[in-house]
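What follows is a short report on a single structure.
Scope of the values below: all heavy atoms of this structure, side chains included, with no hydrogens, waters or symmetry mates. Quick caveat: nothing in here was measured; it's all calculated off a predicted structure. Just so you know, residue 1 is the first one in the sequence shown, and it goes up from there.
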Amino acid sequence: MKTIKTFSIILFYGFFTTSSSANEICSTEFNPEVKKNSQEKLKEEVHEIITSYVNDYKNDRHASKKRIIGIEVPEADVAWTVTVTGQRLHSKNWEVNLNEGLPKIPTYVYRIELKTLRAIYDGKINALTAQGKAFGSDYTPMSVREINAFRPSIDDDHHLNAFSFHFWTKGFPEIIPFHEGATRKVHGSNATVFYYEKGLRTAWYSVAPGDKVRHDPREQANPFPMMCVIINGTIQGEVDGEHITVSAGNTIFIPAQVTHKWWNESDKPAEAILIMFGEGA
């Protein structure tokens with residue numbers, strides 16, 4: 001099962017919106033010089049943000065693994081290549097280079113909307129949450145595409161998930177916040193993705209009153225087992241046709257290929273940690 005692009009267990013559509021004042025529209029639409037200067041400032045801002053991630057990744061032990069990847073931000077009308085050589089420079093420092101333009105080799109390219117890039121930089125959302133979606137056709141404000149006839153394997157996608165976490169998460173140890181403001185809608189409720197790699201997917205869900213989770217038949221069974229740890233509130237569910245009620249302090253195990261769906265009939269939100277694992281995860 002593909003991961004980064006399909007993220008068949010996590011997320012859906014973006015909640016970010018853009019806005020601008022009438023004065024801003026007028027000043028850029030009718031004054032080419034102002035528009036040009038604004039675009040240059042935008043490019044500088046985006047370059048500064050991406051450079052900060054490159055410099056941080058130099059100190060990440062995962063930079064010992066070679067990788068070449070592209071980054072493009074449509075609003076800035078510019079793209080970059082990140083080259084991780086795998087060469088150790090110091091005891092805890094590796095060589096990572098940033099150059100303008102897309103990679104010349106077959107590889108992945110991150111496409112990030114400006115508002116989303118700023119939100120990730122400000123710690124309002126993490127990159128895996130911004131990329132996730134339930135189905136391949138779903139919209140996401142941060143996505144990944146292949147260039148130069150790249151045909152990734154499932155393992156390639158798994159490795160990219162881990163890279164996405166480590167490259168776009170600063171500092172050590174790496175910390176991921178989870179709260180309502182750091183979520184996107186997934187399968188009918190809000191979620192924050194924690195971490196993905198081969199054989200492991202983890203996320204936090206907040207199921208508001210009235211939310212219906214996984215009621216689309218296409219998403220009611222996974223090819224891998226999962227555990228749902230209820231940490232707050234109460235949810236109703238149906239697992240393999242059996243109705244259940246689960247409250248905080250309990251964990252549900254759902255085997256691979258078993259259908260399941262959830263809803264919240266209470267007047268208070270419910271929260272759960274989702275752990276997906278095993279072959280195919």
Side-chain angles (χ1 to χ4, degrees), residues 4 11 14-18 37-105 107-132 140-145 147 159-179 181-184 192-197:
I4 269 288
L11 304 175
F15 64 93
F16 299 111
T17 58
T18 58
N37 292 339
S38 297
Q39 190 70 11
E40 287 302 319
K41 289 181 180 179
L42 183 58
K43 288 182 179 181
E44 290 176 7
E45 177 196 357
V46 172
H47 182 263
E48 181 178 340
I49 291 175
I50 294 174
T51 298
S52 73
Y53 282 99
V54 169
N55 289 336
D56 179 79
Y57 195 61
K58 292 177 181 180
N59 302 309
D60 193 309
R61 66 194 66 191
H62 290 86
S64 62
K65 300 176 182 178
K66 295 181 180 180
R67 178 176 290 277
I68 297 176
I69 199 163
I71 299 174
E72 56 186 4
V73 181
E75 295 91 335
D77 192 28
V78 68
W80 292 270
T81 294
V82 176
T83 303
V84 185
T85 67
Q87 180 178 347
R88 186 192 295 268
L89 301 180
H90 302 289
S91 60
K92 294 184 179 180
N93 187 263
W94 285 264
E95 183 179 41
V96 183
N97 299 314
L98 181 67
N99 300 102
E100 190 165 327
L102 289 176
K104 304 300 182 183
I105 67 166
T107 188
Y108 296 101
V109 173
Y110 291 106
R111 184 184 187 277
I112 315 170
E113 294 178 6
L114 178 60
K115 195 172 181 93
T116 302
L117 180 65
R118 287 169 172 165
I120 294 171
Y121 184 66
D122 292 337
K124 295 178 180 178
I125 193 171
N126 68 57
L128 288 178
T129 300
Q131 293 175 71
T140 58
M142 180 176 183
S143 59
V144 175
R145 66 185 181 93
I147 61 170
H159 294 321
L160 184 65
N161 279 332
F163 175 81
S164 292
F165 176 87
H166 294 295
F167 181 82
W168 295 105
T169 306
K170 287 187 177 182
F172 180 83
E174 292 151 317
I175 298 173
I176 294 295
F178 63 100
H179 51 80
T183 64
R184 292 177 64 236
T192 291
V193 181
F194 289 152
Y195 186 74
Y196 270 30
E197 67 173 27

Distance, nearest 0.5 Å, that separates CG of Leu102 from OG1 of Thr81: 6.0 Å

Might you work through the side-chain contact (heavy atoms from CB on, under 4.5 Å) test for Val84 and Tyr57, ending with a clear yes or no? CA-CA 9 Å; Val84 185; Tyr57 195 61; 3.9 Å; yes

Test your reading of the model: is there a side-chain donor-acceptor pair from Thr129 to the backbone of Val193, 3.5 Å cut-off? yes

How long is the span from the CD1 atom in Ile105 to the CD1 atom in Ile69, to the nearest 0.5 Å? 10.0 Å

Does one side chain, of Lys170 or Ser52, offer a donor that lies under 3.5 Å from an acceptor on the other? yes

I need the minimum non-hydrogen distance between Val46 and Ala76, along with the two atoms involved. CG2-CB, 3.9 Å

Closest non-hydrogen atom pair, Ala79 against Glu72: CB-CB, 4.0 Å

Could you please spell out the steps behind the side-chain contact (heavy atoms from CB on, under 4.5 Å) verdict for Arg61 and Lys92? CA-CA 7 Å; Arg61 66 194 66 191; Lys92 294 184 179 180; over 6 Å; no

So, does Glu75 use its side chain to make a donor-acceptor pair with the main chain of Leu114 at under 3.5 Å? yes

Determine the minimum heavy-atom distance between Thr116 and Ala130, stating which atoms define it. CG2-CB, 3.8 Å

Closest non-hydrogen atom pair between Trp94 and Ser64, with its separation: NE1-CB, 3.5 Å

So, for Ile71 and Phe167, which heavy atoms are closest and what is the spacing to 0.1 Å? CD1-CE2, 4.1 Å

Shortest non-hydrogen separation from Pro177 to Ala182 and the atoms involved: O-CB, 4.1 Å

Rounded to the nearest 0.5 Å, how far apart are CZ of Arg67 and OG1 of Thr85? 14.0 Å

To the closest 0.5 Å, what do you measure between CG (Leu117) and CD1 (Ile49)? 4.5 Å

Does the side chain of Tyr110 pick up a donor-acceptor pair with the side chain of Ser164 at under 3.5 Å? yes

Under the criterion side-chain contact (heavy atoms from CB on, under 4.5 Å), I'd like the reasoning laid out for Ile125 against Ile120: C-alpha separation, chi angles, the key distance, then a yes or no. CA-CA 5 Å; Ile125 193 171; Ile120 294 171; 3.9 Å; yes

Starting from the C-alpha separation in whole Å, work towards a yes-or-no answer on side-chain contact (heavy atoms from CB on, under 4.5 Å) for Val78 and His47. CA-CA 9 Å; Val78 68; His47 182 263; over 6 Å; no

Does Asn126 offer a backbone N or O that forms a donor-acceptor pair with the side chain of Gln131 under 3.5 Å? no

Tell me if a side-chain donor or acceptor on Glu197 pairs with a main-chain N or O of His159 at a distance below 3.5 Å. no

In terms of ring plane angle, is the pair His166 and His62 parallel, tilted or perpendicular, where the classes change at 30° and 60°? parallel

Assess the side chains of Thr169 and Glu174: does a donor N or O sit below 3.5 Å from an acceptor N or O? no

Arg184 side-chain N/O to Gly132 backbone N/O, donor-acceptor pair under 3.5 Å: yes

Salt bridge (charged side-chain N to carboxylate O under 4.0 Å, His left out): pairs with one or both residues in residues 43-56, sequence neighbours excluded: Glu45-Arg118

